[in-house]
Amino acid sequence: MNILFWSVLLVLIYFGLKKAYKNTKDIALNRLSIENEYTKEHSPKLSILHLSDLHLENISITPEELYTKLKDEHIDLIALTGDFLDRKRTIPKLAPYLAVLNQLKAPYGMFAVLGNHDYVLRPDDLNTLIETLENASCKVLINQHEPILVRGQLVNIIGIDDFSTSRSDLKSSYHGIQHGINLVLTHDPTIVLDMKHHHFDYLLAGHFHGGQICYPKAYHLAKMGKLARMNKIKGSHTQDGKKYYINEGLGQTAVNIRIGSRPEITIHELSLASAQIESGKAI
């Protein structure tokens with residue numbers, strides 16, 4: 001009886017893990033339309049490709065497959081929200097993905113922030129990662145912002161450094177910012193709980209992988225902060241009346257499996273409507 005029990009259990013575990021690994025290839029391409037009280041039919045829009053948590057040691061998609069999925073999409077701007085890798089030897093693997101993203105020819109560029117896994121690298125290796133990104137025309141924002149002009153509207157791309165490793169600096173990120181639409185990029189979305197007095201129109205983050213392994217909830221994420229304990233680990237949410245989105249990530253960490261979550265590519269169509277635009281006063 002014991003032999004039969006353990007044999008059946010091992011078979012179930014084998015097929016369970018096989019299915020869990022297969023789930024890492026089941027990539028969701030999600031599209032969201034983000035509007036506000038000023039949005040009208042003619043309001044300008046910004047189409048943002050959002051990728052997060054590539055974890056290149058265990059990524060779910062090849063550069064070629066990524067290009068095939070995205071080549072026919074309308075993309076204005078590319079946002080990468082951290083956790084590219086955590087090993088020096090993986091850094092060369094990033095270049096082909098950046099090359100593919102550049103082939104999409106997003107007119108307003110590509111921006112990135114770093115995540116907690118990126119900071120596992122030694123300082124020299126972290127600099128190599130940043131240089132790899134910036135040599136591929138990807139602007140890395142570390143507690144700073146970059147203004148861009150989109151169809152007559154000023155958009156501030158605000159890059160807040162990783163909250164989970166205590167590197168976030170809201171004061172520096174917003175220093176000298178001009179009035180416009182504020183799009184925040186950050187890795188750990190828990191920062192939203194500290195942003196009551198820092199305005200953003202939309203915030204993009206990652207970090208939680210949608211739990212990666214949920215049984216049925218991602219109880220193991222409780223140690224990752226208050227937001228995780230509130231079970232806000234993926235998808236669209238609101239904090240203090242401000243909208244934010246948590247991407248489930250393209251790669252996996254620790255073990256290359258997913259249960260109750262899917263790798264994700266997201267395209268956000270963000271309305272750039274404001275009181276100034278709708279009154280005919282473009283900033």
Side-chain angles (χ1 to χ4, degrees), residues 28-52 66-67 69-82 98 100-113 133 136-141 144-160 173-174 177-187 189 191-192 195 198-206 235-239 241-248 250 264-283:
L29 176 54
N30 295 321
R31 296 178 175 85
L32 293 91
S33 180
I34 314 302
E35 300 182 346
N36 61 38
E37 60 183 308
Y38 301 108
T39 302
K40 296 180 180 179
E41 185 178 350
H42 65 274
S43 298
K45 304 286 178 66
L46 182 69
S47 181
I48 307 163
L49 169 63
H50 178 205
L51 303 179
S52 192
L66 182 63
Y67 180 71
K69 274 187 173 290
L70 295 172
K71 62 184 177 66
D72 296 322
E73 300 289 341
H74 171 69
I75 296 166
D76 292 321
L77 181 143
I78 299 171
L80 309 177
T81 53
L98 296 174
V100 157
L101 294 177
N102 276 313
Q103 286 182 55
L104 301 176
K105 300 187 184 304
Y108 298 103
M110 178 162 45
F111 297 85
V113 292
L133 288 160
S137 301
C138 178
K139 175 68 175 179
V140 180
L141 299 173
Q144 62 192 115
H145 66 271
E146 182 89 8
I148 61 173
L149 195 64
V150 181
R151 303 178 185 96
Q153 173 66 296
L154 183 71
V155 179
N156 297 304
I157 313 299
I158 305 168
I160 302 174
S173 300
Y174 278 78
I177 202 164
Q178 300 178 60
H179 180 72
I181 298 292
N182 288 350
L183 172 64
V184 171
L185 310 183
T186 195
H187 180 64
I191 189 69
V192 299
M195 294 184 69
H198 291 83
H199 176 71
F200 60 85
D201 295 278
Y202 200 41
L203 180 148
L204 300 177
S236 298
H237 302 277
T238 302
Q239 180 68 32
K242 297 174 284 192
K243 297 178 181 179
Y244 66 99
Y245 189 86
I246 307 172
N247 189 297
E248 294 192 55
L250 264 185
E264 178 179 10
I265 297 168
T266 318
I267 297 176
H268 307 259
E269 189 174 74
L270 177 64
S271 171
L272 302 182
S274 70
Q276 288 79 13
I277 283 286
E278 293 308 318
S279 64
K281 299 176 182 177
I283 297 177

From CA spacing to verdict: side chain to side chain contact (heavy atoms under 4.5 Å, CB included), Ile158, Phe111: CA-CA 10 Å; Ile158 305 168; Phe111 297 85; over 6 Å; no

Inter-residue atom distance Leu66.CG - Leu49.CG, 0.5 Å rounding: 7.5 Å

Quick one: does Asp201's side chain have a donor or acceptor within less than 3.5 Å of a partner on Leu183's backbone? no

Check whether any side-chain heavy atom of Phe200 lies under 4.5 Å from a side-chain heavy atom of Val192, and answer yes or no. yes

Checking side chain to side chain contact (heavy atoms under 4.5 Å, CB included) for the pair Val113/Ile160: CA distance, chi angles, key distance, verdict? CA-CA 7 Å; Val113 292; Ile160 302 174; over 6 Å; no

Note, Val155 side chain near Leu77 side chain (heavy atom, < 4.5 Å): no

Hey, are the side chains of Leu80 and Leu98 touching, using non-hydrogen atoms and a 4.5 Å cut-off? yes

Could you give the distance from CG (Leu133) to CE (Met110), rounded to the nearest 0.5 Å? 8.0 Å

Side chains of His198 and Ile191 in contact at under 4.5 Å (non-hydrogen atoms): no

Interatomic distance, His50 atom NE2 to Leu250 atom CG [nearest 0.5 angstrom]: 10.0 Å

For Glu269, check salt bridge (Lys or Arg N to Asp or Glu O under 4.0 Å) against everything at least two apart and list the hits. Lys45

Which heavy atom of Pro189 sits nearest a heavy atom of Gly206, and at what distance? CD-O, 3.4 Å

With a 3.5 Å distance limit and no angle check, can you tell me whether Asp76 reaches the backbone of Ser47 through a side-chain donor-acceptor pair? yes

Test of understanding: with salt bridge (Lys or Arg N to Asp or Glu O under 4.0 Å), list the residues that count as partners of Glu146, not counting sequence neighbours. none

How long is the gap from CG on Leu154 to NE2 on His179, to the nearest 0.5 Å? 9.0 Å

side-chain contact (heavy atoms from CB on, under 4.5 Å) test vs Leu51 passes for just one of Leu204, Thr81, Leu101, Asn247, namely Leu101

If you round to the nearest 0.5 Å, how far is CG of Leu203 from OG1 of Thr186? 6.5 Å

Would you confirm whether Lys243, through its side chain, and Glu35, through its main-chain N or O, come within 3.5 Å as a donor-acceptor pair? yes

Mark yes or no for whether Gln153, through its side chain, and Leu272, through its backbone, hold a donor-acceptor pair below 3.5 Å. yes

Within the distance-only criterion (no hydrogens, no angle test), does the side chain of His237 pair as donor or acceptor with the backbone N or O of Tyr244 below 3.5 angstrom? no

Any Leu104 side-chain heavy atom under 4.5 Å of Tyr67 side chain: yes

What pair of heavy atoms forms the shortest contact from His145 to Asn156, and how long is it? CD2-OD1, 4.3 Å

With rounding to the nearest 0.5 angstrom, report the OG to CD distance, Ser52 to Glu264. 9.0 Å

Check for a donor-acceptor pair, side chain of Lys242 on one end and backbone N or O of Met195 on the other, with a separation under 3.5 Å. yes

Heavy-atom closest contact (Tyr245 atom, Leu32 atom, distance): CE1-CD2, 3.6 Å

Just checking, is any N or O donor in the side chain of Tyr202 or His268 under 3.5 Å from an acceptor N or O on the other one? yes

